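Beneath this line is the structure, given in structure tokens, with notes to follow.
Bear in mind that the values here come from a model prediction, so they are computed numbers and not experimental data. Naming convention: chains lettered A, B, ... in sequence-line order (proteins, then strands); numbering from 1 in each chain.
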2 protein chains.
Amino acid sequence: MSTFIQTKRLLKYRMGLIRLKQMGLEKVFSYTLGKEAGVSAELVRKDFSNFGIKGNRRGGYDIDDLLNSLEKIFGKDRVQNVVIMGMGNMGKALSQYRGFPDNKMNIVAGFDIDPAKINKKFQIPIYPVENLKEIVDAFHVSVAILAVPEIAAQESSDLLVRYGIKGILNLAPVLLKVPDDVVVNNVNLMVELERLMYHSGVLK
Amino acid sequence: MSTFIQTKRLLKYRMGLIRLKQMGLEKVFSYTLGKEAGVSAELVRKDFSNFGIKGNRRGGYDIDDLLNSLEKIFGKDRVQNVVIMGMGNMGKALSQYRGFPDNKMNIVAGFDIDPAKINKKFQIPIYPVENLKEIVDAFHVSVAILAVPEIAAQESSDLLVRYGIKGILNLAPVLLKVPDDVVVNNVNLMVELERLMYHSGVLK
DNA sequence: ATTTTATTGAGAAAATTTTCACAATAATAT
DNA sequence: ATATTATTGTGAAAATTTTCTCAATAAAAT
Ligand SMILES: NC(=O)c1ccc[n+]([C@@H]2O[C@H](COP(=O)([O-])OP(=O)(O)OC[C@H]3O[C@@H](n4cnc5c(N)ncnc54)[C@H](O)[C@@H]3O)[C@@H](O)[C@H]2O)c1
Ligand SMILES: NC(=O)c1ccc[n+]([C@@H]2O[C@H](COP(=O)([O-])OP(=O)(O)OC[C@H]3O[C@@H](n4cnc5c(N)ncnc54)[C@H](O)[C@@H]3O)[C@@H](O)[C@H]2O)c1
């Protein structure tokens, strides 16, 4: 029913709705929102229907109602604490991203094994990995962003799992072995760039 | 036939094969590679079959042969030049990523409208956007990474398209309007983190 | 009030993706 | 040499996702 791919679209609708609302709109039709999110109108309606979200026949959907429904589904009523493992180029960039706090995702701390990276006055505090348990417990963190080098990814993942992390956004180009109750979402920017080259026909 | 989703898997196989080769292996079975890439053995075989890649019945696949086939498909015989538009946190992090040159993707330049960002001695040269055409022509660039703020994304995209870019890896959380002959690959890290939270059940 | 119109909601159909099942066959064992 | 075994390759089946269709219906027009 609620597949991995569907949630991606729902979150895109949410983004689109926020944008449309900022533009002063109050109502939206499946067709409009579909265009905003790059999806067919039928699929927009089917997605909402699957999640029990109702519109008004002929009237379209009320943007505020839709946003409320979506924000209930995606827990936007509560701030979610997140940690970053590996404060190199990627980790640092992500730690400064305004989009996260704007969306109730609060990066509480970064961790690194490199002593030179620790305690550098930064957007967020950076600790040695020894402090992981302490912070995870104190802030009730259950989600982490993994931004360590490929070679260290599995061992870092094991550490995160040991201290109770249940979701890992993995930026390292490796498949992590985790227990069944832990979810990994892999984002591989190299693969995305390679795919783009292939599909844009520049490799011919 | 060659869908968007399939290329993602092929590139994961490629990554897995490189890793297995580094570990000293010379042959691989669909089952092994599938485990490495998080895919069923049948699907591995079907994917290869669809792209006309052959193994040896009972003997499995020869890793070097497979890599050759894949590198032919993904043009790894030639270096591809890429530019980055927007040299803020994200753009800078990406410009320093070793993985790109290691995979024959050569980041030739970054562009920014902020004068303070220009010509700072950096991994790669950073130019004002006025120099875009010149660099794109000189280096025959057809693919760009877009890392400007959401508000500037469409206008930057228009500029890239005007000067002949055919593929855009878009990190900004907006859907770009581009002509039919231009391909956009959207990577939205916020959506990926939100999705992870949803699917790891931490929002309940 | 009644008719017309635009849009949702959902079941059915189509398309796509994944798995199943097994014949073909190459390597190994007897 | 022959039999056994493991693995590929691929059509067929199953599952999933997307599109098609159209009845239901709320808003707007008459
Ligand atoms: N930089 C990019 O643009 C980019 C793009 C795509 C993917 N990635 C991937 O993201 C990951 C991070 O890339 P990066 O460029 O930030 O690398 P980086 O080398 O700049 O940073 C890695 C950081 O991790 C730390 N680290 C190493 N081992 C650790 C451990 N066991 N525990 C905690 N910290 C540890 C290092 O000290 C360093 O600070 C890599 O896996 C890379 O492949 C990066
Ligand atoms: N930083 C992150 O971790 C992160 C994560 C996810 C998504 N993103 C997205 O990536 C994009 C870049 O994020 P960032 O954090 O690097 O932002 P940033 O503000 O650090 O950098 C943006 C850069 O773009 C430049 N710029 C602005 N308008 C421009 C224009 N018209 N032409 C050329 N350059 C221009 C700015 O001068 C700045 O240097 C944003 O769209 C953001 O939403 C960033």
(message) For a quick test of reading the model: is some side-chain N or O of Ser49(B) closer than 4.0 Å to OP1 or OP2 of dT10(D)?
(response) yes
(message) Run the salt bridge (Lys or Arg N to Asp or Glu O under 4.0 Å) test against Lys35(B) and tell me which residues pass, sequence neighbours left out.
(response) none
(message) Please list all pairs meeting ring pair (Phe, Tyr, Trp, His ring centres under 6.0 Å) that have one or both residues in residues 146-183 of chain A, counting only residues at least two apart or in different chains.
(response) none
(request) Scan for side chain to side chain donor-acceptor pair (under 3.5 Å) pairs involving residues 170-180 of chain B, sequence neighbours excluded, and state none if there are none. (result) Asn170(B)-Asn186(B)
(request) Quick one, give me the B/S/- string for nucleotides 24-30 of chain D, reading 5' to 3', where B means a protein heavy atom under 4.0 Å from the base and S means that only happens at the primed atoms, P, OP1 or OP2. (result) BBBBS--
(request) Kindly state which residues belonging to residues 13-21 of chain B come within less than 4.0 angstrom of DNA chain C, counting heavy atoms of the residue only, listed by number. (result) none
(request) Say whether Asp158(A) and Gln154(A), considering side chains only, have a donor N or O and an acceptor N or O under 3.5 Å apart. (result) yes
(message) Tell me every residue that passes salt bridge (Lys or Arg N to Asp or Glu O under 4.0 Å) with Glu42(B), counting only those two or more places apart in sequence or in another chain.
(response) none
(request) Could you tell me whether Lys72(A) and Asp77(A) make a salt bridge, using a distance below 4.0 angstrom between a side-chain N and a carboxylate O? (result) no
(request) Check side chain to side chain contact (heavy atoms under 4.5 Å, CB included) between Val108(B) and all other residues, then give those that pass, not counting sequence neighbours. (result) Asn81(B), Val83(B), Asn106(B), Ile135(B), Phe139(B), Val141(B)
(request) Name all residues meeting the salt bridge (Lys or Arg N to Asp or Glu O under 4.0 Å) criterion together with Lys54(A); count only those two or more places apart in sequence or in a different chain, and write none if there are none. (result) none
(message) With the threshold set at under 4.0 Å for non-hydrogen atoms, list the residues of residues 28-41 of chain B touching DNA chain D in residue-number order.
(response) Phe29(B), Ser30(B)
(request) Please identify each residue that fulfils salt bridge (Lys or Arg N to Asp or Glu O under 4.0 Å) with Glu150(A), with sequence neighbours left out. (result) Arg19(B)
(message) Among residues at least two apart in sequence or on other chains, which ones pass ring pair (Phe, Tyr, Trp, His ring centres under 6.0 Å) with Tyr127(A)?
(response) Phe111(A)
(request) Work out how much the helix from dA1(C)-dT30(D) to dT30(C)-dA1(D) bends between its end axes, five pairs an end, to the nearest 10 degrees. (result) 10°
